[in-house]
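Quick notes on the structure that follows.
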Amino acid sequence: MAEILRVIATFVEKGLVYVSKKPVFWSSGAQTALAEAEVEYQERDDQAVFVKFPIATGQLAGKASIAIWTTTPWTLPANLVIAVDAKEIYVVQEFRREGVSEVLVLADKLVDAFSLATGFQPTGEPMQTFPGTKLEGFGAQHPLLPRTSMILTAEFVTMDTGTGAVHVAPGHGEDDYALGSKNGFPIFSPVDDHGRYTEEVGIPELVGKYVFDANRDIVRMLRDREVLLGEQNFHHSYPYCWRSKTPIIFRAVDQFFIRIDDLRAAALDAITKVDWIPLWGENRIAGTVESRPDWVISRQRSWGVPLPVFYSGSGEPILNANWIRRLADLVAVRGSNVWFELSDSELARELGLPPGTTKGSDTIDVWIDSGVSHRAVCARRPELHDPAEMYLEATDQHRGWFQSSLMTSVALNNRAPYKTCVTHGFVVDLDGKKISKSSTYDKPVEASHFVSKHGADLVRLWASSINYTDDVPFSEEMFTRLGDTYRRMRNTLRILHGNLFDLLVSDVADVGSRSTTAATTLIDRWIVDRLDGVIGECRAAYESFEFHKVYHTINQFCAVDLSSLYIDITKDRMYCDAPNSPRRRATQLAMHRIYDALCRLLAPVLAFTSEEAWRYLGGNASVHLQLFPEVRASQRDTYVNTAVDRLLKLRAVIGQALEKARQQKLIGNSLEARVILRCERKLIDGISRDELEEFFIVGELVLEEANEPSAVVERTSFAKCARCWRHRETVGKSRTHPDLCDRCEDVVQARLSST
RNA sequence: GGGCCUGUAGCUCAGUUGGUUAGAGCAUGCGCUUGAUAAGCGCAGGGUCACUGGUUCGAGCCCAGUCAGGCACACCA
C-alpha cells in the first residue's frame with residue numbers, strides 16, 4: 001500500500017497526473033459512481049422530444065433551424081454541441097403543421113420518420129441538399145439559454161432514430177464527452193450528487209430540481225418558447241443502479257488522470273526491447289498502447305487504496321508529492337486504514353498539512369495496484385528483481401496487466417517491467433466453444449479436479465502438450481490419450497532402469513575417460529546421437545517456451561527410437577550376453593546416459609515421476625536441482641545416421657514380408673524367420689551379418705545382391721536355442737549343451753566355471 | 001462494425017527458402033508375442049491441408065476474398 005502511494009508521488013512529481021471532469025455512470029440514489037457491471041437495464045418509458053435549434057451563424061443563419069431528438073430532455077441545459085454525420089445527406093426543408101411553417105435541417109433519410117412522429121408535413125422539394133460536412137462549424141441558438149451550440153461531425157451518428165442531428169452534452173455521455181473534449185469544449189455537468197440541478201444550470205427555476213422530475217418542466221419551457229417540434233413516448237431499456245434501483249444518469253465528476261501522451265513514445269520504444277511470445281504479442285500491445293486514451297486512476301469506491309488527493313480550504317484539489325510521501329510513511333506504519341480512520345484535521349496534523357486541508361474520498365484504480373507489482377514486489381524482495389524475467393498471462397491482458405505494468409514502469413524507470421512476455425489463449429471445448437468459470441459451462445474447470453482425478457503429473461503433461469499460444473483445446477478424451485503417453489514414458493524409464501540393475505557406479509564413472517564411441521556398436525552410437533538431437537531440441541524448445549515441442553520430441557523418442565527400436569533390438573544382448581560382455585556394457589552405458597538425460601529433461605513436466613526415477617540413480621539431490629543435460633557430440637554422427645536410416649528402410653521391407661508370412665501362418669515370432677534380403681550391397685556395407693540379424697530381430701538372414709530392395713521370408717530350419725530363443729545353426733552341435741546356441745553355451749560355461 | 005490471432009488425419013502436433021506420393025505419436029482395425037505383461041512388437045486403414053479465386057513450370061506454404069472460432073475494442077444518443 002505504502003509503495004503504491006510512493007509510486008503515485010513519483011507520478012505527481014513528474015507532472016503526469018492531472019484532474020479533469022469525466023462522465024461516469026452515477027447513481028443518484030446511492031450517490032456513487034457505478035462500474036459497468038453494477039448497472040442493470042430495465043424497461044422504461046421516456047418522453048422523447050424533437051427540438052429546433054435556430055441556426056445562428058454560418059451560411060444558413062437566420063434561414064433555418066436544425067432539428068434534434070433526445071430521450072433525455074433534462075440534459076438539454078448542458079447541450080454544447082450538435083453532431084451530424086459527415087457523409088450522410090442532409091436537407092433544408094420547409095414543413096407545415098396547422099398553419100405553422102418551419103424550415104428545418106435534418107437527415108434526408110429521416111424526413112419521413114420525422115413527419116410521422118411530429119405531424120409536420122414537408123412542403124415542396126428540399127430547398128437545399130448537402131452532406132453533413134457542410135454543416136460543420138455552424139452555430140445554433142440554444143433553445144433555453146443565451147448561448148450558441150456548435151455543429152460538429154461525429155462517427156457515432158446513426159440513422160436509426162431521431163433526425164440525424166444528435167444533441168450532445170459533453171458532461172452527460174461517453175460519446176458526448178469524447179467529442180467535446182476532442183474539440184476543446186468544457187465538460188459541463190450542472191448536476192449534484194443527488195441528481196439535482198446546480199446553480200450552474202443557468203435556469204433559476206430548475207436549480208435544486210431532481211433531473212428526472214425536471215423533464216416535464218423542460219418540455220413545458222420548450223413548448224412555451226415554441227422550439228418544441230414534437231414529442232413522443234419512447235419505450236426502451238435504460239440503465240438502473242443495481243442497489244438503489246434508481247435510474248442512473250451520466251454525470252461528469254472530477255477524475256484524476258495520467259497523461260498517457262507523455263509516456264506513449266517511451267512505452268512504444270520499451271515494447272520493442274521485450275521478447276514477446278508469441279511474436280505477434282508485440283503487434284498487439286503496440287496497437288493498444290497507440291490507441292489508449294489517458295488513464296483514469298480515480299475510482300468513486302468505498303474500498304481500495306485511497307487516492308492521495310487533498311483539498312484546500314477553498315475546495316481546490318491538491319496533488320503534492322511530498323505530502324503523499326509523508327502519507328506513505330504513515331501508512332507503512334499504521335496501515336492504509338489511517339486514511340479512513342483519521343478525521344481531516346487529525347490527518348492534517350499527522351502529516352503536517354495546513355489547517356483546513358481535507359482529504360479526498362476517491363480510491364485508486366485497481367489496475368494501479370497490480371500495475372506497480374514490479375516496484376512493490378519484484379524490486380523490493382531480495383530473491384526477486386526488477387525487471388522480471390517473464391510475465392505470463394492470457395491474451396486479454398495485453399490491454400490489462402501487461403499494459404498497466406508497462407505504463408507505470410515506463411513512468412518510473414523508462415523501460416518495461418519484464419524482459420519476456422508470454423501470453424496464452426483461452427481454454428475451449430472440443431467444438432471450439434470457450435470454457436469459462438463464469439459462463440453456463442457445467443463441466444469441471446478447476447485444475448484441482450483433474451489433479452485429484454488423474455494426478456498432477458498428467459495435468460502438467462497436458463499443459464505441456466498443447467500449443468498454448470492459440471486457443472487451448474480441452475476434453476476428457478485428451479486426458480485419456482495423455483494417460484497412454486504418460487504410461488509410455490514411465491514404462492520406458494522403467495525398462496531402462498531395469499536394464500541397469502547390474503551396472504556398477506565405477507563403470508559409469510569410467511565413461512568419461514574412455515572413448516565410448518569406439519567401444520559401442522552401431523546401434524548404441526545411433527541412439528546416443530539421437531539423444532543428442534533430442535537434448536538439443538528440448539533445450540531449444542524450453543528456451544523459447546515451446547513446451548509442446550518438448551512433449552512431442554520426448555514422446556516420439558520414447559515410443560519410436562527407444563521402445564520400438566533400441567530397447568527391442570538390444571533385448572537379446574541385454575538378456576543373453578555375458579553380463580560383462582563389451583557389447584552389453586556398452587548398451588548399459590548408453591541406457592544410463594539416456595535415463596539420466598530423460599529424468600532431467602522431463603523434470604519440469606513430469607515433476608513427480610522424474611523425481612521418482614531420478615532417485616533410483618542413487619544421487620542425493622533432487623532432480624529439480626539438476627541442470628539440463630548437455631549435448632555431447634560437437635557434431636552429429638553422420639556415419640551412423642546414414643547407416644541406420646538405410647537399415648530402417650530395409651527393416652520396413654522386411655517387416656512387410658514378415659507380416660505376410662505371419663498371415664500365412666508360416667511363422668509367428670520373427671525369430672522363427674529365415675529372411676532372404678535382396679538389396680544393393682553398399683546399403684549394408686561394413687555391417688556384420690550378426691549385427692544385421694540383431695537389428696532386424698530375425699532368426700536368420702541371407703543376403704543377395706539386387707537393385708531394388710525386397711525380402712522373402714521362409715521358416716528357418718534351425719533349432720531354437722532354449723536360452724535366447726533364437727534359431728541358430730549351432731543349436732544341437734554341442735555335446736554338453738545340445739539345446740543351446742554357441743553364444744549361450746559360452747555364457748553358461750563361463751558362469752558355471754566361475755562358481 | 002474496424003483491429004489482432006487461429007484453421008493440416010478421430011485427438012495432439014511436425015511440415016525448412018514454394019519443389020517428388022503431406023509426416024509422427026496416440027486412437028481405430030487385423031495379427032504376433034507372453035523374459036517390459038494392468039506391458040511389448042508388427043502391419044493396415046484413415047487427408048478436398050476450412051472454402052473460393054489468383055501469382056507460379058510447381059502452392060499446405062505467397063496474395064486477395066469468403067466461412068468458422070478466439071481475444072481486446074467499438075456501437076446501443
Integer-rounded Å distance: [N] [atom2] and [X] [atom1]:
X        : N     : atom1 : atom2 : value
A/Ile697 : B/G42 : CD1   : P     : 8 Å
A/Asp85  : B/G1  : CG    : P     : 17 Å
A/Asp484 : B/G40 : CG    : C1'   : 14 Å
A/Phe25  : B/A77 : CZ    : C1'   : 13 Å

For [X], answer base if it contacts any base atom (sugar-phosphate contacts may also be present), sugar-phosphate if it contacts only those atoms, and nothing otherwise; contact means non-hydrogen atoms under 4.0 Å.
X        : answer
A/Val560 : sugar-phosphate
A/Asn467 : sugar-phosphate
A/Leu658 : nothing
A/Thr72  : nothing

Aromatic ring proximity A/Phe474/A/Phe479, centre distance under 6.0 Å: yes
Pair A/His172 and A/Trp74, ring centroids less than 6.0 Å apart: yes
Using the six-membered ring wherever Trp is involved, compare the ring planes of [X] and [Y] and label them parallel, tilted or perpendicular (cut-offs 30° and 60°).
X        : Y        : result
A/Trp276 : A/Phe402 : perpendicular
A/His548 : A/His552 : perpendicular
A/Phe50  : A/Phe114 : perpendicular

Side-chain N or O of A/Gln403 closer than 4.0 Å to phosphate OP1/OP2 of B/A72: no
OP1 or OP2 of B/A14 under 4.0 Å from side-chain N/O of A/His548: yes
Looking at the side chain of [X], which of [options] is the nearest nucleotide?
X        : options             : answer
A/Asp396 : B/C26, B/U12, B/C71 : B/C71
A/Asp470 : B/U6, B/A72, B/C26  : B/U6
A/Trp280 : B/C5, B/G25, B/U12  : B/C5

Complementary nucleotide for [N] - Watson-Crick or wobble, under 3.5 Å:
N     : result
B/G60 : none
B/U55 : none
B/A68 : B/U6
B/C73 : B/G1
B/G42 : B/C30
B/G23 : B/C13
B/G47 : none

Pairs meeting criterion salt bridge (charged side-chain N to carboxylate O under 4.0 Å, His left out) with involvement of residues 559-569 of chain A, two or more places apart: A/Arg530-A/Asp561, A/Asp568-A/Lys571
Integer angstrom distance from the [atom1] of [N] to that of [M]:
N     : M     : atom1 : result
B/C76 : B/G18 : C1'   : 48 Å
B/C43 : B/U6  : C1'   : 36 Å
B/A44 : B/G3  : C1'   : 48 Å
B/U28 : B/C71 : P     : 33 Å
B/U33 : B/U21 : P     : 39 Å
B/A64 : B/U55 : C1'   : 11 Å
B/C51 : B/C61 : P     : 10 Å
B/G25 : B/G42 : P     : 9 Å

Closest contact, heavy atoms only, A/Leu650 versus A/Phe696: CB-CZ, 3.9 Å
First of A/Glu546 and A/Arg651 reached from the 5' end of RNA chain B, by closest nucleotide: A/Glu546
5'-most by nearest nucleotide on RNA chain B - A/Lys549 or A/Thr70: A/Lys549
Over 12 foreign heavy atoms within 6.0 Å of CZ, A/Phe212: yes
Under-3.5 Å donor-acceptor pair between A/Arg399 side chain and B/C73 base: no
Check: protein-nucleotides 28-36 of chain B nitrogen or oxygen pairs below 3.5 Å:
unit_1: B/C32; atom_1: OP1; unit_2: A/Lys665; atom_2: NZ; d: 3.2
unit_1: B/C32; atom_1: O2'; unit_2: A/Gly668; atom_2: O; d: 3.0
unit_1: B/G35; atom_1: N1; unit_2: A/Arg723; atom_2: O; d: 3.1
unit_1: B/A36; atom_1: OP2; unit_2: A/Tyr575; atom_2: OH; d: 2.6
unit_1: B/A36; atom_1: N6; unit_2: A/Ser563; atom_2: O; d: 3.2
unit_1: B/A36; atom_1: N6; unit_2: A/Ser563; atom_2: OG; d: 2.9
unit_1: B/A36; atom_1: N1; unit_2: A/Ser563; atom_2: OG; d: 3.2

Any side-chain donor near an acceptor of the partner, A/Thr716 and A/Glu672, under 3.5 Å: no
Nearest-0.5 Å distance, OG of residue A/Ser149 to CG of residue A/Asn79: 4.0 Å
